[in-house]
Amino acid sequence: MSLLSSTVAAIRPADAAAAAQARDRQARMTKPAGSLGVLEDLSIRLAGLAGECPPPLPEPAAVAVFAGDHGVHAQGVTPWPQEVTGQMVANFLAGGAVVNAFAAQMGASVTVVDVGVAVPPAAGAGLLERNVRRGTRDMTVEPAMTRDEAVAAIEVGITVAQELVAAGHRALLTGDMGIANTTASAALVAAFTGADAAAVTGAGTGVDAETLARKTDVVRRALARHGRLTDPVEVLAAVGGLEHAAIAGFVLGAAAERVPVILDGVIAGSAALAAAALAPDCLDAVVAGHRSTEPGHGVALEHLGLTPLVDLSLRLGEGTGAVLALPIVQASVRALRDVATFDSAGVTEKQ
């Protein structure tokens, strides 16, 4: 049995009894019922995921930044040179990126995973060398990956999730790095949801109108080139990135370990579409950290039925939005665990 197959088989639905206990406790806590809004629903979901009420505090937390390059870069979809991917990997390892600053503020660790960087990055503390191939192929010409490569990248993500949980982490956060990866994300969102290319393709790193039109056409041509695919792995192989496949595996691995995974933006959202297509129950472990300004992200979240915790007009990636949502996720569990009930506190309930 492959690692992918065994992981999918290990993913179980949320525990209804634990969720019911959490719902009952929320109704008896010293506050008006429903006054914590989304946080109440989130704590109930996390209790169902853990199978106990209250669930474990989602800490310590770990961000995994999956990095890969894209053959579709050759189509002129971004003004940024491809070598920036490897340069940013070095920046992550040196602690100089935004995700490093945010993670330090929140007390989260940052692990960088080379799953598909074109130029081998220099070794450094915090780098996992798990390269499947040195960047994808041009999806407008041929499949971005073979099926075996896509599975290998998914299994990289699963393994990283397993390793982080084994090291004691109780919340996993998705991060990404890959010049041109919003193009692959748009293609994935369109392929999984049926949305038009124009509705899911955005400015990414801030391209001009001419480049956006070219990028949209590239997404449309790639989708036409590969036709309608129904196998999630084949969709990833056709138009995805190595980091997308790895993030899909990361989500599956977290769900199998029954540990919450907080999604970042459009790259993570598009990868989660693949994970959900492979194992729908994995969504019980998924929390949407934020809503990106990329149009494809909103389409992906709606398709997944996920409500983002924050909306700050972010479009950076790296895991920054997921990290900013982390204390909200932690607060939802802490409230369920620590807030007194009316009877235990001797507070009179409303009539």
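The first residue in the sequence is number 1, and the count goes up from there.
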- Item | Exercise: identify the closest heavy-atom pair between Gln21 and Cys53 | OE1-CB, 3.7 Å
Report, one line per pair, each donor and acceptor closer than 3.5 Å where one atom sits in a side chain of residues 299-319; sequence neighbours left out.
| from | atom 1 | to | atom 2 | distance (Å) |
| --- | --- | --- | --- | --- |
| Arg315 | NH1 | Gly204 | O | 3.1 |
| Glu318 | OE1 | Val99 | N | 3.1 |

- Do Asp343 and Thr341 meet the criterion of a side-chain donor-acceptor pair at a distance under 3.5 Å? yes
- Heavy-atom side-chain proximity of Ser344 to Arg28 below 4.5 angstrom: no
- Query: Run the side chain to side chain contact (heavy atoms under 4.5 Å, CB included) check on Glu155 and Ser2 step by step: do they pass?
  - Reply: CA-CA 9 Å; Glu155 292 185 342; Ser2 71; 3.8 Å; yes
Using a 3.5 Å cut-off and no angle test, enumerate the donor-acceptor pairs between side-chain atoms of residues 174-195 and protein atoms at least two apart in sequence or in another chain.
| from | atom 1 | to | atom 2 | distance (Å) |
| --- | --- | --- | --- | --- |
| Thr174 | OG1 | Asp264 | N | 3.0 |
| Asp176 | OD1 | Asn181 | ND2 | 3.2 |
| Asn181 | ND2 | Gly178 | O | 3.2 |
| Asn181 | ND2 | Glu243 | OE2 | 3.2 |
| Thr182 | OG1 | Lys215 | NZ | 2.7 |
| Ser185 | OG | Asn181 | O | 2.8 |
| Ser185 | OG | His244 | NE2 | 2.8 |
| Thr193 | OG1 | Val189 | O | 2.7 |
| Thr193 | OG1 | Ala195 | N | 3.2 |

- Task: Quick one: pull up CG in Leu3 and CD1 in Ile154 and give me the separation to the nearest 0.5 Å.
- Result: 10.0 Å
- Task: Please collect all ring-ring contact (aromatic ring centres under 6.0 Å, His included) contacts where either partner lies in residues 261-295, sequence neighbours excluded, each pair once.
- Result: His290-His297
- Message: Under the ring-ring contact (aromatic ring centres under 6.0 Å, His included) definition, can you give me all pairs with a residue in residues 74-111, not counting sequence neighbours?
- Response: none
- Message: What verdict does the side chain to side chain contact (heavy atoms under 4.5 Å, CB included) test give for Arg170 and Glu59, after you've listed the backbone C-alpha separation in whole Å, the side-chain angles of each residue and the deciding distance to 0.1 Å?
- Response: CA-CA 5 Å; Arg170 292 298 172 261; Glu59 55 185 55; 5.9 Å; no
- Message: Return the CG to OG1 distance between Leu173 and Thr320, rounded to the nearest 0.5 Å.
- Response: 10.5 Å
- Item | Linked, directly or transitively: Val251 and Ile267 (ILVMFWY side chains, under 4.5 Å) | yes
- Closest non-hydrogen atoms of Ala199 and Pro295, given as atom of the first, atom of the second and distance, are O-CB, 3.5 Å
- Would Ile158 and Leu4 satisfy side chain to side chain contact (heavy atoms under 4.5 Å, CB included), going step by step from the backbone distance to the final call? CA-CA 8 Å; Ile158 293 172; Leu4 173 56; 4.2 Å; yes
- Query: Looking at side-chain heavy atoms only, is the closest gap between Pro121 and Glu129 below 4.5 Å?
  - Reply: yes
- Quick one: closest heavy-atom pair of Ala277 and Pro232, and the distance? CB-CG, 3.5 Å
- Message: Minimum heavy-atom separation for Val207 and Pro79, please, with both atom names.
- Response: CG1-CD, 3.7 Å
- Do Pro54 and Arg334 have side chains that get closer than 4.5 Å, going by heavy atoms? no
- Message: Could you measure the distance from the CG atom of Leu236 to the OG1 atom of Thr136? Nearest 0.5 Å is fine.
- Response: 12.0 Å
- Judged by atom type as modelled, is there a donor-acceptor pair below 3.5 Å linking the side chain of Arg25 to the main-chain atoms of Leu336? yes
- What is the distance from atom CZ of Arg214 to atom OG1 of Thr78, rounded to the nearest 0.5 Å? 10.5 Å
- Query: Is there a path of hydrophobic side-chain contacts, each under 4.5 Å between heavy atoms of I, L, V, M, F, W or Y residues, that connects Leu49 with Ile11?
  - Reply: no
- Does the Ser5 side chain pair with the main chain of Met1, one donor and one acceptor, at a distance under 3.5 Å? no
- Task: Decide yes or no on side chain to side chain contact (heavy atoms under 4.5 Å, CB included) for Lys31 and Glu40, but give the supporting numbers first.
- Result: CA-CA 11 Å; Lys31 60 176 180 57; Glu40 296 189 13; 2.7 Å; yes
- Item | Cluster overlap Val113 with Leu164, hydrophobic side-chain contacts below 4.5 Å | yes
- Name of the residue among Asp114, Val119, Leu127 meeting side chain to side chain contact (heavy atoms under 4.5 Å, CB included) with Val89: Leu127
- Query: Do Thr211 and Val77 come close enough that some side-chain heavy atom pair is under 4.5 Å?
  - Reply: no
- Task: Look at atom CZ of Arg147 and say whether more than 12 heavy atoms of other residues, nucleotides or ligands are closer to it than 6.0 Å.
- Result: yes
- Who pairs with Pro81 by side chain to side chain contact (heavy atoms under 4.5 Å, CB included), at least two apart in sequence or on another chain? Glu83, Val84
- Thr140 and Asp138: side-chain hydrogen bond (donor to acceptor under 3.5 Å, both in side chains), yes or no, with the steps? CA-CA 5 Å; Thr140 65; Asp138 184 347; 2.8 Å; yes
- Item | Side-chain (Glu294) to main-chain (Ala203) donor-acceptor, under 3.5 angstrom | yes
- First locate atom CG of Asp217, then atom CG of Leu212, and finally report the distance between them rounded to the nearest 0.5 Å. 11.0 Å
- Residue pair Ala271 / Ala248: nearest heavy atoms and the distance that separates them: O-CB, 3.5 Å
- Item | NZ/NE/NH1/NH2 to OD/OE distance under 4.0 Å, Asp284 and Arg258 | no
Show me the side-chain donor-acceptor pairs of residues 60-69 shorter than 3.5 Å, one per line, residues at least two apart or across chains.
| from | atom 1 | to | atom 2 | distance (Å) |
| --- | --- | --- | --- | --- |
| Asp69 | OD1 | Thr85 | OG1 | 2.7 |
| Asp69 | OD2 | Ala118 | N | 2.7 |

- Message: Same cluster or not: Val115 versus Val261, using hydrophobic residues (I, L, V, M, F, W, Y) connected whenever any side-chain heavy atoms lie under 4.5 Å apart?
- Response: yes
- Note on the structure: Heavy-atom nearest pair, Ser332 first then Leu46, reads OG-CD1, 4.1 Å
- Is the side chain of Arg225 donor-acceptor paired with the backbone N or O of Val141 at a distance under 3.5 Å, no angle test? yes
- Determine whether Met145 and Val233 fall in the same hydrophobic cluster, where Ile, Leu, Val, Met, Phe, Trp and Tyr are linked whenever their side-chain heavy atoms lie under 4.5 Å apart. yes
- salt_bridge(Arg137, Glu149) N-O dist < 4.0 Å: yes
- Query: In terms of side-chain geometry, is the basic nitrogen of Asp41 or Arg45 positioned less than 4.0 Å from the acidic oxygen of its partner?
  - Reply: no
- Item | Exam field: side chain Glu257 to backbone Gln162, donor-acceptor pair closer than 3.5 Å | no
- Straight-line distance of Leu229 CG to His226 NE2, nearest 0.5 Å: 8.0 Å
